[in-house]
Protein chains: 2
Amino acid sequence: MREPREEIVAAASHLFARHGVSATRMSDIAEGAGLQQSSIYYYFANKEQILREIVTTVNRVPLAYLARVNAEGGPAALRLYRLIRFDTRTLCDFPYDINEIHRISAQDPDTFAEYWTERQALNDGVEQLVAEGVAADEFREVDPRLTALTLLANNEGVQNWYRPVGDRRLRGRQGTDGPYAPDEIARTMANFALSSLLRERRRLASIERRAVEADTIDATAD
Amino acid sequence: MREPREEIVAAASHLFARHGVSATRMSDIAEGAGLQQSSIYYYFANKEQILREIVTTVNRVPLAYLARVNAEGGPAALRLYRLIRFDTRTLCDFPYDINEIHRISAQDPDTFAEYWTERQALNDGVEQLVAEGVAADEFREVDPRLTALTLLANNEGVQNWYRPVGDRRLRGRQGTDGPYAPDEIARTMANFALSSLLRERRRLASIERRAVEADTIDATAD
DNA sequence: TGGTATTTCGATAGCAAGTCGAAATTCCGC
DNA sequence: GCGGAATTTCGACTTGCTATCGAAATACCA
């Protein structure tokens, strides 16, 4: 038997993912953790604190990936492609509603300070990447700041239609439920972005090849 | 004095826009409408029904614009540019949190059936436009369905960082609050998308010119 | 083993949603 | 303008959930 604290977080994670944060009652979490409702409060002051524990680290995954990609080097275009692909793929598989998390955490910036700091760092990293690309004449002249905001928002936007709500997924088109796989979506997003940003679009094919190569090798190496 | 029903909707609109739906109490709405809390229920069974009244028509604005743009004709690229610009601009100025509305309405698809139907129509319209562009060799070969989903989600994603929460807007970058005007963002989004989709990117400049022209004339004509 | 600190619990206060019957008001035929 | 019916409004109440609190149970340790 794990620590009760962990049980609570585990139960809450599951329920938040399945039903959303606001639709999850403290008593549901308690039940899942094998405790009485009031016992939860011994460990957490409220639901936000549980959510905080779950999401503070969320941004670290793409942040760590970005650091690795930057360490591995290569042109900005390649690094950005890889980051977008990775981030979108992560978001497709992400069990929580990132927009709900955004909303809740925006209402309570103190509790979620760490979340926002790291989110900001990710944004800065993307901005940096775009700026590098522009400086190196790989990308056409765009506003790195606005582009970075847009790119991340685009990735998060995928959840709006891709993420299952309750048990069913929102339709891509009436009836025909999207047969899209996360990586297919992720590559489309990255392709879409780079196709727009690159000065010489014919470079895209080789970038895609190198990206797939790099990340396949990683996966095997890990 | 307006009808109480209208007072309720007006008060709720204001409060939903300012504080979000979930943070708005029925008693707040009642107060705003000059009624007692329980009197609201004479007109609406619950908060969702009020929200429904407010949002059922939101998709009609871009849908009507799309119809007009299609009627006015021109290449698919131009029409798509205009639609994205219009939709993004609308969303920037849109007082509600579109993502919260999505979430609530996805939980209760029956109440919001009309909303989803029209949302679907908008999606179909974009898909159609993309398909036309591909068929006419204006666009490179993309999956129209996936592209349409992505384009709309991108537009909605703008709200994630642009929309004020409570009273303050989320930062674009620490401290320096985005000095971006809605139309600037809208043109960036449209430019970004078309720049990616167009086979011959040099067409973009003329498309932008024609779009600005068309929509300026409209505005004056109205 | 006994005493202290930690953990869990049941009872309950507080708050917002929603129900209900009754009071107040409006409407309308006369 | 009057009286009865329909509409509208209200206050009291029920319910469901969050969060608090003191006491009981349990774990820890000298």
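Note that the coordinates shown come from a computational prediction; the quantities given were computed from them, not determined experimentally. A, B, ... follow the sequence lines: proteins, then strands. Residue 1 opens every chain.
- Aromatic rings from B:Y41 and B:Y43 are positioned such that their centres are separated by 6.0 Å or more.
- Rounded to whole Å, the distance from CD on B:Q36 to P on C:dT25 is 14 Å.
- Computed from coordinates, the B:D28 CG to C:dC15 P distance equals 14 Å when rounded to whole Å.
- At the heavy-atom level, B:I40 lies nowhere under 4.0 Å from the strands shown.
- A salt bridge links A:R85 with A:D183: the distance from a Lys NZ or Arg NE/NH1/NH2 to an Asp or Glu carboxylate oxygen falls below 4.0 Å.
- Two rings, from B:W161 and A:H102, have their centers 6.0 Å or more apart.
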**Prompt:** For every nucleotide of nucleotides 16-23 of chain D, 5' to 3': is a protein heavy atom under 4.0 Å from its base (B), only from its sugar-phosphate (S), or from neither (-)?
**Reply:** -SBBB---
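- Two residues are said to be in side-chain contact when any heavy atoms from C-beta on lie closer than 4.5 Å; B:R79 and B:E132 meet this criterion.
- Using a 4.0 Å heavy-atom distance criterion, B:F44 is classed as making no nucleic acid contact.
- In this model, the phosphate group of C:dC20 is not approached by any side-chain N or O of B:Y42 to a distance below 4.0 Å at OP1 or OP2.
- To the nearest angstrom, P of C:dA17 lies 16 Å from CG of B:D108.
- Aromatic pair A:F86/A:Y65: centroids less than 6.0 angstrom apart.
- When the side-chain nitrogen and oxygen atoms of A:Y43 are compared with OP1 and OP2 of C:dT8, one or more of them lie within a distance under 4.0 Å.
- Side-chain atoms of B:Y180 and B:C92, non-hydrogen and from C-beta on, never get closer than 4.5 Å to each other.
- In this structure, B:S39 reaches the D:dC10 phosphate: one of its side-chain N or O atoms is under 4.0 Å from OP1 or OP2.
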